[in-house]
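The structure appears right after this line, and notes come after that.
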Protein chains: 2
Amino acid sequence: MSSRQSSAGSRLGRRNDPERREKIIDACQKVIVESGVTGTSHRKVATQAGVPLGAMTYYFDGMQDLLHSTFSRFATSISDDFERHMATATDKESACERVFERILQASSGDDDELILSHELYTLATRDASFRSITTQWMQRSRVALELHFDPLTARLLDAMIEGLTIHRALDSEAREPSEIKTAIARITKDSREGSLST
Amino acid sequence: MSSRQSSAGSRLGRRNDPERREKIIDACQKVIVESGVTGTSHRKVATQAGVPLGAMTYYFDGMQDLLHSTFSRFATSISDDFERHMATATDKESACERVFERILQASSGDDDELILSHELYTLATRDASFRSITTQWMQRSRVALELHFDPLTARLLDAMIEGLTIHRALDSEAREPSEIKTAIARITKDSREGSLST
DNA sequence: GACATTTGAGTACACTCGTACATATACTTT
DNA sequence: AAAGTATATGTACGAGTGTACTCAAATGTC
């Protein structure tokens, strides 16, 4: 088969087993949850995935590529869920209810999602290629919210979701779910008059 | 001087030069900003601080202690600033103005504060001793806000600050400062009626 | 069945790392 | 001045790292 271009170096020969690649990403995600990006190594991931060490550099072009693939899949999956979740709302009221459920679930505590988000944000603050993952994620969140809210409100809601999730997760004492409802109510209430003077 | 207790092991003999300890923490903070916690090592910090490698284990009981000291000082410093900042407000209106300034400054971009916050949050999600730093930080933020707002509004404002700061910093396109004003206005507007049913 | 080529595995190398520990220096007290 | 002690440094060790590169196995082709 000489028709297959085997241009030297970066673009390696066709990799055959996508299941295996996926399994490595699964393992990588698990290792990150357990040990953080800091504690993630090819060897740990290989062991977790049950594949030989050599497979790491075979399926991925190094550590950066592995992490990028992992977080990319993670963010996409969250976005998919959120889009589906918001699409089930029929009016503004039920949309608020969906947002409420989302915050409650995300801040519930022992969820891997929170850990992975923070690890990703940390990478994103320093590295542009990871920042493009978060940017796209935020973009999709807003679009999902704009199904039911005006663009400004959607942005503010999105930020509110973020802040409440983080603070509820890192807080020492448990908070009433009702505070989430209050937050949503205040943000989504159209205030035609800007009461904040300058 | 036999009166000085030199109980074995963890509590080492009195360390003499607090300036040097402080200088190491300065260096550590700088290294974290540049390379992340992941890329922080005793050797890098020592080089940055201009001290010999041995000083690392002399002034700190290992890496964890160094990181903890660094983030502890960081969070305390931020809290001090924020307290002072909020204390200059005289009424609710000027308090809102202070919050606005705070968000604008924190999300301005090339600030180390953002990077360090994320690194700290990431550690806090996994390690309780770092979580106590963030918990205390949040606690002090709220108290500062409660000088001018009721407790619930203070909590929501605090979360809003967090969310807006993160999203504005990670966003690809610049946002109007006016959106911050709108957010603050909506959160701080007393809504006696909860418009969200259920 | 023999050959060619893709696909995968094992291993070795050249690092960097945290930390313990044996010295060295500076200071205090006699 | 001598002795003793607190303070600080240089260094060496064992462990763990990413990745390149050499083989082996499997697959497809004639």
Side-chain angles (χ1 to χ4, degrees), chain A residues 1-28 31-32 34-70 123 127 129, chain B residues 1-28 31-32 34-70 123 127 129:
Chain A
M1 254 343 145
S2 62
S3 72
R4 190 166 289 156
Q5 80 278 19
S6 57
S7 62
S10 70
R11 185 65 64 196
L12 298 173
R14 189 165 296 288
R15 277 104 181 241
N16 222 9
D17 195 343
E19 280 187 30
R20 185 157 254 228
R21 196 173 191 275
E22 216 60 19
K23 214 156 72 170
I24 294 176
I25 293 182
D26 289 343
C28 183
V31 170
I32 292 172
E34 282 168 2
S35 317
V37 168
T38 304
T40 299
S41 70
H42 276 160
R43 283 170 175 82
K44 272 191 198 168
V45 175
T47 303
Q48 176 67 239
V51 302
L53 176 60
M56 292 297 117
T57 42
Y58 184 73
Y59 285 96
F60 300 89
D61 292 341
M63 197 68 198
Q64 163 106 349
D65 184 33
L66 172 58
L67 289 175
H68 197 276
S69 303
T70 303
L123 293 178
D127 187 315
S129 79
Chain B
M1 271 313 166
S2 63
S3 72
R4 193 165 286 156
Q5 80 277 18
S6 58
S7 63
S10 70
R11 185 66 63 195
L12 298 174
R14 190 165 297 285
R15 277 107 180 240
N16 224 9
D17 195 344
E19 279 186 32
R20 185 156 254 228
R21 196 172 192 275
E22 216 60 20
K23 216 157 71 170
I24 294 176
I25 294 182
D26 289 343
C28 182
V31 170
I32 293 172
E34 282 168 2
S35 318
V37 169
T38 305
T40 299
S41 69
H42 276 162
R43 282 170 175 85
K44 274 192 199 167
V45 175
T47 303
Q48 176 66 239
V51 302
L53 177 60
M56 291 298 117
T57 42
Y58 183 72
Y59 285 96
F60 300 90
D61 292 341
M63 197 68 198
Q64 164 106 351
D65 184 34
L66 172 59
L67 289 175
H68 197 275
S69 303
T70 302
L123 292 177
D127 187 314
S129 80

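Atoms considered below: every heavy atom in the structure, side chains included; atoms not considered: hydrogens, waters and symmetry mates. Naming: A, B, ... by sequence-line order, numbering from 1 per chain.
At least one side-chain nitrogen or oxygen of B:R20 sits closer than 4.0 Å to the OP1 or OP2 atom of D:dT9. Checking the phosphate oxygens (OP1, OP2) of C:dT19, no side-chain nitrogen or oxygen of B:T57 falls inside 4.0 Å. The phosphate of D:dT17 (OP1 or OP2) has no side-chain N or O of A:H42 nearer than 4.0 angstrom. Distances shown here put every side-chain N or O of B:Y58 at or beyond 4.0 Å from the OP1 or OP2 atom of C:dA20.
In this structure, the separation between CD1 on B:I32 and CD on B:Q48 is 11.5 Å, given to the nearest 0.5 Å. Residue A:M63 holds its CE atom at 9.0 Å from CE of A:M56, rounded to the nearest 0.5 Å. Put simply, OG on A:S69 and CD on A:Q64 are 10.0 Å apart, with the number rounded to the nearest 0.5 Å. To the nearest 0.5 Å, atoms CZ (B:F60) and CD1 (B:I25) are separated by 4.0 Å.
Listed nucleotides D:dA12, C:dA9, C:dG8 differ in distance to B:L53; the shortest reach to its side chain belongs to D:dA12. Closest to the side chain of B:M63, out of D:dT17, C:dC17, C:dG18, is C:dG18. Distances were taken from every side-chain heavy atom of B:P52 (C-beta onward) to each of D:dT19, C:dA9, D:dT9; the shortest belongs to D:dT9.
Put simply, NZ on A:K23 is 12 Å from P on C:dG8, counting in whole angstrom units. The CG atom of B:D61 sits 10 Å away from the P atom of C:dT19 (whole-angstrom rounding). The OH-C1' distance, from B:Y59 to C:dT19, rounds to 18 Å in whole Å. Rounded to an integer number of Å, the gap from B:F60 CZ to C:dA20 P is 16 Å. Rounded to whole Å, atom P of C:dG8 lies 13 Å from atom CE of A:M56.
Applying the 3.5 Å distance criterion, the base of D:dG16 shares no donor-acceptor pair with the side chain of A:R43.
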